[in-house]
Amino acid sequence: METFSHAQPASKYSLSNGAETALTAIVSNDDNLSYCSIISVYDGTDEALTALTDDGVDELRQMLAHARRTADEWNDFLEAFVDDEELIARIKAKFPR
């Protein structure tokens, strides 16, 4: 299972340039991925980590690959998941990679 946290992203994945914001937006709504792909992990404190199962990571990869097929699809994806207009502009300026 791959885990992502607001405080400490999993070291396997580098979340920068708005990726953490987009990831947070995607996983904050469990309708975006299949049932049981997004889970909460409790470590005994009052806070929980949001985590993706292996299937959730695969779905997220497919979602991003689909969104990156064309500039229009990427822009639609950003508009749907990122609320920060300045961040959207920065991300759009870097497309395509």
Side-chain angles (χ1 to χ4, degrees):
M1 171 177 38
E2 308 295 339
T3 59
F4 299 93
S5 163
H6 299 289
Q8 298 177 348
S11 61
K12 184 176 176 183
Y13 298 94
S14 174
L15 300 177
S16 61
N17 295 328
E20 184 172 4
T21 302
L23 179 61
T24 301
I26 292 167
V27 300
S28 67
N29 181 346
D30 59 6
D31 289 335
N32 292 326
L33 298 174
S34 296
Y35 182 73
C36 291
S37 291
I38 303 169
I39 59 174
S40 295
V41 178
Y42 295 92
D43 63 1
T45 66
D46 289 340
E47 295 185 29
L49 300 174
T50 299
L52 298 175
T53 63
D54 290 340
D55 289 341
V57 171
D58 289 339
E59 282 186 60
L60 182 61
R61 284 184 182 133
Q62 290 172 8
M63 178 188 287
L64 292 170
H66 176 78
R68 300 225 23 161
R69 290 188 307 187
T70 68
D72 287 339
E73 288 180 27
W74 182 241
N75 292 339
D76 291 344
F77 176 83
L78 292 174
E79 297 292 334
F81 291 108
V82 181
D83 292 332
D84 183 335
E85 292 299 321
E86 183 179 314
L87 180 59
I88 290 173
R90 284 195 337 242
I91 295 170
K92 285 180 179 180
K94 293 184 180 224
F95 183 83
R97 277 185 150 191

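For the numbers below, each heavy atom of this structure counts, side chains included, while hydrogens, waters and symmetry mates do not.
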Participant: Main chain of S37, side chain of E59: is a donor-acceptor contact present, judged purely on distance under 3.5 Å?
Facilitator: no

Participant: Taking salt bridge (Lys or Arg N to Asp or Glu O under 4.0 Å) as the definition, give me every residue that meets it alongside D58, ordered by chain and number, with sequence neighbours left out.
Facilitator: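 Expected list: R61.
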
Participant: Donor-acceptor pair, distance only, cut-off 3.5 Å: does the side chain of T53 make one with the backbone of G56?
Facilitator: yes

Participant: Taking the side chain as C-beta and beyond, is there a heavy-atom pair between L33 and D55 under 4.5 Å?
Facilitator: no

Participant: Kindly indicate, with the supporting measurements, whether the criterion side chain to side chain contact (heavy atoms under 4.5 Å, CB included) is fulfilled by L64 and F77.
Facilitator: CA-CA 9 Å; L64 292 170; F77 176 83; 3.5 Å; yes

Participant: Which atom names give the shortest non-hydrogen contact between L78 and I88, and what distance separates them?
Facilitator: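 Nearest pair, atom of L78 first, then I88: O-CD1, 3.9 Å.
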
Participant: Walk me through whether R68 and E73 qualify under side chain to side chain contact (heavy atoms under 4.5 Å, CB included).
Facilitator: CA-CA 7 Å; R68 300 225 23 161; E73 288 180 27; over 6 Å; no

Participant: Any heavy-atom pair between the side chains of I91 and W74 that's under 4.5 Å?
Facilitator: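 Contact flag for W74/I91 side chains = yes.
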
Participant: Please determine whether side chain to side chain contact (heavy atoms under 4.5 Å, CB included) holds for the pair E85 and E79, giving the CA-CA distance in whole Å, both sets of side-chain angles, and the decisive distance to 0.1 Å.
Facilitator: CA-CA 9 Å; E85 292 299 321; E79 297 292 334; 4.2 Å; yes

Participant: Output all residues satisfying side-chain contact (heavy atoms from CB on, under 4.5 Å) with A80, sequence neighbours left out; order by chain, then residue number.
Facilitator: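 Per chain and number, A80 pairs via side-chain contact (heavy atoms from CB on, under 4.5 Å) with no residue.
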
Participant: Could you go through N75 and T70, starting from their C-alpha distance and side-chain angles, then the distance that decides it, and tell me whether this counts as side chain to side chain contact (heavy atoms under 4.5 Å, CB included)?
Facilitator: CA-CA 9 Å; N75 292 339; T70 68; over 6 Å; no

Participant: Taking salt bridge (Lys or Arg N to Asp or Glu O under 4.0 Å) as the definition, give me every residue that meets it alongside E47, ordered by chain and number, with sequence neighbours left out.
Facilitator: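 Counting only residues at least two positions away or on another chain, E47 forms no salt bridge (Lys or Arg N to Asp or Glu O under 4.0 Å).
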
Participant: Do you see a donor-acceptor pair shorter than 3.5 Å between the side chains of D43 and T45?
Facilitator: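 There is such a pair (donor and acceptor under 3.5 Å, judged by atom type) between the side chains of D43 and T45.
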
